[in-house]
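Note sheet for the following structure.
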There are 2 protein chains.
Amino acid sequence: MVLAKSSAPSRDRIVAGAADLISRRGLNAASIREVAKHAKAPLGSTYHYFPEGKQQLATEAVRYAGTAVAGILRQELHAGPVAGLRAFLGLWRGIVVDSDFRAGCPVLAVSVEEPPADETPPALVAATKAFQEWERLLVETLRAHGADAEQAPGLAALIVASVEGAIAMSRAERSMRPLDQVAGQLEALIVGAVGRPD
Amino acid sequence: MVLAKSSAPSRDRIVAGAADLISRRGLNAASIREVAKHAKAPLGSTYHYFPEGKQQLATEAVRYAGTAVAGILRQELHAGPVAGLRAFLGLWRGIVVDSDFRAGCPVLAVSVEEPPADETPPALVAATKAFQEWERLLVETLRAHGADAEQAPGLAALIVASVEGAIAMSRAERSMRPLDQVAGQLEALIVGAVGRPD
DNA sequence: CTCTGGCTATAACGATCGTCATAGTCTAGC
DNA sequence: GCTAGACTATGACGATCGTTATAGCCAGAG
């Protein structure tokens, strides 16, 4: 699983495990005790490594997932926007399938839970940055491959939004149909956007 | 009176309040106590009206939201797919804006939380049905307005997925940018799908 | 060797969770 | 008015939550 390697040092295992657990259960329902057990680390260690508690752990988990996905996306986009899209979709597809539709995107999971009080918690800020970074990478490559410069941001937003939504729909339906249907639509859209001679 | 009269709008208020709270906090983090308070109903009443507990309440909340959205969608689609899309988007836009980015889609919220054990809880089944019903309504209208019959399901899936994803992204970013960008993309796609002469 | 400091082990704190039981209130039908 | 049944009020149960405190282990520096 891309978001949860299991042989790194303790601290990293905790972060990766938190990302995985958050993607499954949601932010509020992912308990620190479960994260620790999931990462084969003692509960005390989580507060040793993350003295600011759950908020810090959640923030690092979101950043970890966001950065990992961005890295894969950046690398695969070198082969063009369609290849990047396929890698992006294949990544999520693998997570959903390998978990038997139980895991999804931790960034989305954090995004759909109400922040406390009237301040934006750092985990939500990290989620925003992750989404925007993915969009930015897509925009860059779309433009570099001939897509209309003004239309690229809209298409990138559509890609990220529809993939995130489709992941959730596929989990609910316990079927890859939504994700695969969206994949087909997006691929055609990208081809049309970069290949069209005006 | 045994069946007919379930008295005051108390029960309905609880269901609607549960849908709202679930959309804000997520399924696991939306407690029955908060739902009761939010609906100005006593805690005991929730177990009186929903003897199967939280699972039943969540299921009815998802069905309620799914049906309400489907009703609006069905009505507005009579004026065509673009009008339907605008109503769909406007509905969610209102929920997000009016709640100051705190509320979203309860169907999505239920979809992104891991089911217990190895069986599918009824709330998740209800979520699947809600998504599929929205897609079905879109497919019908797209076809009725001249969209390619084979392409309509893919476009409908893309619409639902991207709107759901964009709602979450807008909540995270505390900005309507993602939802508005997706709106523009989808509108152009629908126009192209129904209006294009081959 | 001692000693230090990063890590772990264990237990507890108050709070809140889902759920249930019991008793009380109210109202509709006789 | 009386009674049955729909609803409410109240409080408790075991479990689990985030968090903290305290003591113990154990490698490496001196």
Side-chain angles (χ1 to χ4, degrees), chain A residues 7-19 21-22 24-62 106 109-110 113-117 119 121-124, chain B residues 1-19 21-22 24-62 106 109-110 113-117 119 121-124:
Chain A
S7 67
S10 236
R11 212 198 110 103
D12 296 334
R13 276 208 327 272
I14 293 173
V15 172
L21 207 63
I22 288 172
R24 294 173 182 263
R25 306 232 217 284
L27 176 56
N28 277 296
S31 77
I32 292 193
R33 283 175 176 83
E34 273 180 311
V35 168
K37 189 183 299 183
H38 192 273
K40 292 185 170 62
L43 175 61
S45 295
T46 59
Y47 282 95
H48 175 75
Y49 290 121
F50 310 94
E52 292 169 47
K54 188 173 186 178
Q55 168 182 269
Q56 182 185 3
L57 180 51
T59 304
E60 295 206 22
V62 171
V110 166
E113 301 208 9
E114 190 177 41
E119 202 85 15
L124 204 51
Chain B
M1 228 357 86
V2 180
L3 212 163
K5 159 188 192 178
S6 68
S7 93
S10 207
R11 209 194 114 106
D12 296 334
R13 276 208 327 272
I14 294 174
V15 172
L21 209 63
I22 288 171
R24 294 171 182 264
R25 305 232 218 282
L27 177 56
N28 278 295
S31 77
I32 292 193
R33 283 174 175 83
E34 274 181 310
V35 168
K37 189 182 297 185
H38 193 275
K40 291 185 171 61
L43 175 60
S45 295
T46 60
Y47 282 93
H48 175 75
Y49 290 122
F50 311 94
E52 292 169 46
K54 188 173 185 177
Q55 168 181 270
Q56 181 185 3
L57 180 51
T59 304
E60 296 206 23
V62 171
V110 165
E113 301 209 9
E114 191 177 39
E119 42 184 295
L124 203 51

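Note that the coordinates shown come from a computational prediction; the quantities given were computed from them, not determined experimentally. Convention: sequence-line order gives letters A, B, ...; per-chain numbering from 1.
Taking the side chain of A:Ile32 as heavy atoms from C-beta on, and the options C:dT19, C:dC7, D:dG18, the nearest nucleotide is D:dG18.
Using a 4.0 Å heavy-atom distance criterion, A:Tyr47 is classed as a base contact. B:Ala30 comes within 4.0 angstrom of the backbone, heavy atoms only, and of no base.
In terms of heavy atoms, B:Pro106 sits closest to B:Ala19 at CB-O, 3.4 Å. The two residues B:Ile22 and B:Ala109 have their closest heavy-atom pair at O-CB, 3.5 Å. Nearest approach of B:Ser31 to B:Leu21, heavy atoms of both residues: O-CD2, 4.1 Å. The minimum heavy-atom distance linking A:Asn28 with A:Lys54 is given by the pair O-NZ, 3.3 Å.
In this structure, NE2 of B:His48 is placed 7 Å from P of D:dT8, rounded to the nearest angstrom. Atom CG in B:Asn28 sits roughly 9 Å away from atom P in C:dG18 (whole-Å rounding). Note: CZ (B:Arg25) to C1' (C:dT16) measures 13 Å, nearest angstrom. Distance CD1 (B:Ile14) to C1' (D:dA6): 14 Å, rounded to an integer number of Å. For the pair A:Tyr49 OH and D:dG18 P, the interatomic distance rounds to 20 Å; values are reported in whole Å. At whole-Å resolution of the value, CG in A:Leu21 and P in D:dG18 are 10 Å apart. Going from atom CZ of A:Phe50 over to atom P of D:dT20 covers 15 Å, rounded to whole Å.
The CD atom of A:Gln55 lies 10.0 Å from the CG atom of A:Leu27; values are rounded to the nearest 0.5 Å. A distance of 11.5 Å separates CG in B:Leu57 from CD in B:Glu52, rounded to the nearest 0.5 Å. One distance of note links CZ of A:Arg33 with OG1 of A:Thr46; it measures 9.0 Å at 0.5 Å rounding.
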- Task: Please lay out, stage by stage, how B:Thr59 and B:Val62 fare under the test side chain to side chain contact (heavy atoms under 4.5 Å, CB included).
- Result: CA-CA 5 Å; B:Thr59 304; B:Val62 171; over 6 Å; no
- Task: Let me see the working for B:Phe50 and B:Ile14 under side chain to side chain contact (heavy atoms under 4.5 Å, CB included), right down to the final yes or no.
- Result: CA-CA 10 Å; B:Phe50 311 94; B:Ile14 294 174; 3.5 Å; yes
Filtered N/O pairs between nucleotides 22-24 of chain D and protein, under 3.5 Å:
none

If you restrict it to nitrogen or oxygen atoms, what contacts under 3.5 Å exist between nucleotides 12-14 of chain C and the protein, and what is each distance?
| from | atom 1 | to | atom 2 | distance (Å) |
| --- | --- | --- | --- | --- |
| C:dA12 | N6 | A:Arg33 | NH2 | 3.3 |

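Between B:Glu34 and B:Arg24 there is no salt bridge, since none of the side-chain N atoms of the basic residue sits less than 4.0 Å from a carboxylate O of the acidic one.
Comparing A:Gly44 and A:Ser31 along DNA chain D, the residue whose closest nucleotide (by nearest heavy atom) sits nearer the 5' end is A:Ser31.
Scanning residues 52-62 of chain B for heavy-atom distances under 4.0 Å to DNA chain C yields B:Gly53, B:Lys54.
Side-chain contact between B:Gln56 and B:Tyr49 is absent, with no heavy-atom pair separated by less than 4.5 Å.
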